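In what follows, chains carry the letters A, B, and so on, assigned in the order in which the sequence lines appear, proteins first and then strands, with residues in each chain numbered from 1. Every value quoted in this text rests on a predicted model; they were computed, and no experiment measured them.
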Number of protein chains: 2
Amino acid sequence: MSVEFAKVLMEPAYRKVATAIGARILSRALREGERLPPETELARQFGVNRSTVREALRELESRGLLQRRPGSKLMSVSRPPQAAIAQGVRHALLLHDVSVRDVWEALTMLEPPLAQIAARVRTTADLECIRAAAQAFAAHNAVTGQAVQHTAEVFRCIGRATHNPVLGLAQEPLLQLLEPSLRVMIDQVPQARARIATAHRRLVEALEAQDEAAAHSWMGRHIKDFSRGYQLAGIGLETHVTADADTP
Amino acid sequence: MSVEFAKVLMEPAYRKVATAIGARILSRALREGERLPPETELARQFGVNRSTVREALRELESRGLLQRRPGSKLMSVSRPPQAAIAQGVRHALLLHDVSVRDVWEALTMLEPPLAQIAARVRTTADLECIRAAAQAFAAHNAVTGQAVQHTAEVFRCIGRATHNPVLGLAQEPLLQLLEPSLRVMIDQVPQARARIATAHRRLVEALEAQDEAAAHSWMGRHIKDFSRGYQLAGIGLETHVTADADTP
DNA sequence: GGTTGCCGGTTTGTCCGACAATCATACGAT
DNA sequence: ATCGTATGATTGTCGGACAAACCGGCAACC
């Protein structure tokens, strides 16, 4: 027997309330879209003050488990939208001082097999989405900001085409983190736009033909091209990724 | 010109306060470990009530940007710990009804190159950590829960050995999601423990020798073995991953 | 008929004030 | 020197309060 005592844990009430509601959501007792009772009612049920309930709601809200539907005052249950989660991951990685190399390395690992899977399981609608995004890049890449956005959008469409939410959620923060440096790179390397457009064309062709090997290969080159672009733009791979505007 | 008006956005005060403090943290104006002023002081500075400040703090706290250091009442700035972020991602994926296949597919893509990188850049300390984890699995795998924990721990050590926070953060939620099904699998497939132990041995050998190809290959087999285990255990790959206890 | 204006009830956002519990610190007693 | 205590600061929680926004319905009006 140990003479050590377990650390007594005093959980504040607002946290208990938050975990209680959160557990209900996670266990599907509260289903997606369902509306929560008003705050006063929750306060009555939990036997705490409304202020306490509100603190709990803020916590769940920031995790994306609750959101307020436009035009409704009552909170409703929601599956956390990808954007919310990705932002959390992005902030975490920002504060952990990840370098451009770290993000790029992850993309190198992630994207080619992702494209390969997309080539296998994509639907016609997916293909149309990807084609539209590539088209958008080709047509409107004069403004650097738009070029970056469309580049990311192509990745997102390909991610969705895998029909695997895990992959989409994994790549989203990486895209967001790379955005600022990508902006600089596209801005400073003249041939970047053309090379990206070419990669898009090849990728679309491979996805059309459901040619897994080609999709894998071209995505690999696409990502690898980024590192060359960084070199040309004078962006060191050890540069820490920087915070970007949160509300573009 | 369109006659449409932009949707007027009414941001509540607690959100403004939260984003204000959050921006300071992200911009490094508030550095890691730094302590925030007391709530009353914050309320005075922002010109709002303390209750409002508290709601904002709950939000930042749940994102891991703030935490209370044990024994201190004042909030202090913190980089979000991996566990917190991973839990957020896990909850999101749970609510998005990801299947075992989805998670396994992501691991298939992620882990082999991850092991490869680890083989390249691992330090002696990393190796020691991995070896210890594998050793722990070999020695204490009788209880299913421990076996699962140690299996995950080996992955985590290998992830850390890449010295790329992005990869560690990417794999953590996957490990957590796989845990419940892995528990069932290890429990029901007699030869699972031995096969995992073998994989660990091979991986340690490859990492010792810094043999990238072998590390990649053995990790691939290790992951692939999981799917065979699922088959033997009668776990359909289309099964949705289930919520697990949050506080093990 | 469709639009407009008004009314009452509900709910949130925000504020105020209050108090117990906890912790830090200093100070005094043994 | 160790212990106990007073004191102040800070959080957790509470109760109540009020304005603003929103909803539904109903009357009035073109």
Inset, instruction - May I have the step-by-step check of salt bridge (charged side-chain N to carboxylate O under 4.0 Å, His left out) for Arg58(B) and Glu59(A), ending in yes or no? - result: CA-CA 6 Å; Arg58(B) 292 298 88 76; Glu59(A) 203 165 314; 5.1 Å; no
Inset, instruction - Please list, by residue number, the residues of residues 39-53 of chain A whose heavy atoms come closer than 4.0 Å to an atom of DNA chain D; answer none if no residue qualifies. - result: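 Result for residues 39-53 of chain A: Gly47(A), Val48(A), Asn49(A), Arg50(A), Thr52(A), sorted by number.
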Inset, instruction - For Asp126(B) and His163(B), test the side chains for any donor-to-acceptor distance below 3.5 angstrom and give the result as yes or no. - result: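 On atom types as modelled, these side chains qualify, holding a pair under 3.5 Å.
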Rounded interatomic separation in angstrom, taking [atom1] from [X] and [atom2] from [N]:
X	N	atom1	atom2	result
Arg35(B)	dC23(C)	CZ	P	15 Å
Arg54(B)	dG13(C)	CZ	C1'	17 Å
Arg68(B)	dC23(C)	CZ	P	11 Å
Glu61(A)	dT12(C)	CD	C1'	12 Å

Show me, pair by pair, the donor-acceptor contacts under 3.5 angstrom made by side chains of residues 64-71 of chain A, not counting sequence neighbours?
{"from": "Arg68(A)", "atom 1": "NH1", "to": "Lys73(A)", "atom 2": "O", "distance (Å)": "2.4"}
{"from": "Arg69(A)", "atom 1": "NH2", "to": "Gly33(A)", "atom 2": "O", "distance (Å)": "3.1"}

Legend entry - Residues Glu153(B) and Arg160(B) bridged, charged N to O under 4.0 Å: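 Answer for the salt bridge query: yes.
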Legend entry - Nearest-nucleotide 5' precedence on DNA chain D, Lys73(A) against Pro12(A):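 Result of the comparison: Pro12(A).
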Legend entry - Ser78(A) side chain vs Pro80(A) backbone, donor-acceptor pair below 3.5 Å: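 Absent.
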Legend entry - Range on DNA chain D touched by chain B, heavy atoms, distance below 4.0 Å: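 Nucleotide range with atoms under 4.0 Å of chain B: dT10(D) to dT13(D).
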Legend entry - Within 6.0 angstrom of Arg24(A) CZ, more than 12 heavy atoms from elsewhere: no
Legend entry - Flag if over 12 foreign heavy atoms under 6.0 Å of CZ, Arg28(B): yes
Inset, instruction - Classify the nucleic acid contact of Arg15(B) as base, sugar-phosphate or nothing, counting any heavy atom under 4.0 Å across all strands shown. - result: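 Counting heavy atoms under 4.0 Å across all strands, no contact is made by Arg15(B).
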Inset, instruction - For the residue pair His150(B) and His140(B), categorise the inter-ring angle as parallel (less than 30°), tilted (30 to 60°) or perpendicular (more than 60°). - result: tilted
